[in-house]
There are 2 protein chains.
Amino acid sequence: MEQVKRLRADGRRNRERIVEVAAELVAREGAQVSLEEIARRAGVGSATLHRHFPSRQALLEVVFRDGVAQLCAKAAAQPGKAPAAELADWLEEATVYTATHRGLAAALLAGPEGLSAEELCCTDMVLNVLKVLVERASAVGALQAGATAEDLMMLANAIAVANENDPHTARRVLRLALTGIRR
Amino acid sequence: MEQVKRLRADGRRNRERIVEVAAELVAREGAQVSLEEIARRAGVGSATLHRHFPSRQALLEVVFRDGVAQLCAKAAAQPGKAPAAELADWLEEATVYTATHRGLAAALLAGPEGLSAEELCCTDMVLNVLKVLVERASAVGALQAGATAEDLMMLANAIAVANENDPHTARRVLRLALTGIRR
DNA sequence: TTAAATACGGAGGGGTCCCCCGTTTGTCAA
DNA sequence: TTGACAAACGGGGGACCCCTCCGTATTTAA
């Protein structure tokens with residue numbers, strides 16, 4: 001907020017336009033879209049893009065931030081569910097969300113790699129949510145020993161990257177993993 | 001074999017040299033190493049590399065073929081193990097193998113994408129092995145309903161990509177998924 | 001209104017992938 | 001052995017990408 005105010009009007013407009021275009025392109029072509037292409041379609045020079053977003057990861061982060069934040073918010077508002085179900089349901093939802101948003105899975109897996117470090121990145125948001133849920137589920141003994149929040153996030157993201165655009169399969173396999181593949 | 005005989009002597013040598021160098025480079029830098037760099041170090045022009053391997057995937061395929069074949073062979077020779085253990089153990093071994101060989105996981109996940117289609121690719125080899133193991137385990141009811149060979153391969157590979165160079169974590173998480181994360 | 005601060009974007013260096021095509025090299029038949 | 005032909009080579013170039021420099025244009029605040 002206070003950061004935004006410091007931007008000149010044109011800067012602010014360009015920045016927004018870039019994110020907007022990037023969201024669209026990334027959704028359509030995946031996380032490795034050409035940054036030049038994004039700049040071109042946003043009607044700015046590539047230098048401008050790079051000035052606003054020093055790394056591809058930084059741009060992706062901003063592109064996905066809102067959606068992820070919204071997703072995270074949902075974790076809090078689950079009325080009187082059992083901790084295990086709470087965790088499982090949210091993880092499932094997160095996986096589906098990630099699998100249906102091209103590029104997000106890759107971005108999450110990459111973590112805060114090459115980021116300004118200051119800001120709370122998507123990875124951290126998700127991780128924080130999971131830590132709480134894992135804690136709760138653990139407390140009632142509903143979790144396999146040794147399963148950490150990091151593990152779960154990694155697993156969910158891994159499944160999502162492997163199934164970009166196939167949320168159905170992603171969800172199914174995640175469920176399998178949660179309930180166990182052996183019998 | 002009959003294909004190889006058709007190659008001229010120098011062609012054969014170059015081809016081998018390229019694969020050799022590629023194996024080394026991919027192991028050290030991952031699946032996205034520069035093809036030009038490979039060509040350079042192999043002492044051939046980039047055109048030569050592209051003539052031998054029309055796509056990056058084709059090259060990776062050859063780089064990994066032997067190792068994967070060997071891995072697959074191990075699946076057959078398991079003396080009187082229970083089907084469930086047979087499957088679990090092999091999958092674990094495969095995951096560790098994949099996670100310790102940079103670039104392999106990505107190549108396996110990509111599947112036969114852009115390949116000559118004729119030859120048996122690594123993905124197919126693994127899949128064939130898994131189909132047998134899954135069948136056996138299924139027959140004795142040791143597998144969760146709905147778990148397919150494709151699912152298992154995808155899961156194992158997904159975990160491996162997410163943990164390139166960290167086979168320890170990869171194995172741990174795979175085990176969690178096999179036995180179930182909820183309790 | 002104007003000077004300082006800020007943001008812009010063309011251009012270019014260094015890289016990659018991939019292919020064309022003139023040249024070299026291996027092969028095999030005579 | 002030799003020569004002609006097929007096979008393989010690789011320099012070079014086009015198209016693209018990332019990223020940065022730096023002269024220019026715009027905004028802002030005085």
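Note: hydrogens, waters and symmetry copies are ignored here, and every other heavy atom, side chains too, is used. Keep in mind that this is a model prediction, so the values were computed, not measured. Below, chains carry the letters A, B, ... as their sequence lines are ordered, and counting in each starts from 1.
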Worksheet item: Do any of residues 35-52 of chain A sit with a heavy atom less than 4.0 Å from DNA chain D, and if so which?
Response: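 Correct list: A/Leu35, A/Glu36, A/Arg40, A/Ser46, A/Ala47, A/His50.
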
Worksheet item: Which residues within residues 14-34 of chain B lie with some heavy atom under 4.0 Å of an atom in DNA chain D?
Response: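 Under 4.0 Å from DNA chain D: B/Asn14.
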
Can you name the nearest heavy-atom pair linking [X] to [Y], along with the distance?
| X | Y | value |
| --- | --- | --- |
| A/Thr123 | A/Ala107 | OG1-O, 4.3 Å |
| B/Arg41 | B/Arg17 | O-NH2, 3.6 Å |
| B/Arg102 | B/Phe64 | O-CZ, 3.4 Å |

In whole angstroms, how far is the [atom2] atom of [N] from the [atom1] atom of [X]?
| X | N | atom1 | atom2 | value |
| --- | --- | --- | --- | --- |
| A/Asp10 | D/dT28 | CG | C1' | 10 Å |
| A/Arg8 | C/dT6 | CZ | C1' | 4 Å |
| A/Leu59 | D/dC18 | CG | P | 11 Å |
| A/Arg13 | C/dG9 | CZ | P | 11 Å |
| B/Gln57 | C/dC18 | CD | C1' | 17 Å |

Worksheet item: B/Arg136 and B/Glu86: side chain to side chain contact (heavy atoms under 4.5 Å, CB included), yes or no, with the steps?
Response: CA-CA 9 Å; B/Arg136 279 192 213 156; B/Glu86 207 178 36; 2.8 Å; yes

Worksheet item: Do any side-chain nitrogens or oxygens of B/Arg56 fall under 4.0 Å of OP1 or OP2 in C/dC17?
Response: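 For C/dC17, OP1 or OP2 has a side-chain N or O of B/Arg56 closer than 4.0 Å.
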
Practice prompt. Start with the C-alpha distance between A/Glu61 and A/Gln57, add both sets of side-chain angles, then the distance that settles side chain to side chain contact (heavy atoms under 4.5 Å, CB included), and finish with yes or no.
Written response: CA-CA 6 Å; A/Glu61 198 67 31; A/Gln57 189 67 11; 4.1 Å; yes

Item to complete: Please lay out, stage by stage, how B/Thr169 and A/Met154 fare under the test side chain to side chain contact (heavy atoms under 4.5 Å, CB included).
Response: CA-CA 10 Å; B/Thr169 304; A/Met154 187 272 276; 4.2 Å; yes

Practice prompt. Please tell me if the side chains of B/Gln144 and A/Thr179 come closer than 4.5 Å, counting only heavy atoms from C-beta onward.
Written response: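 Yes; the side chains approach each other to less than 4.5 Å.
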
Worksheet item: Is it the case that more than 12 heavy atoms not belonging to A/Glu150 sit under 6.0 Å from its CD atom?
Response: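 More than 12 within 6.0 Å, yes.
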
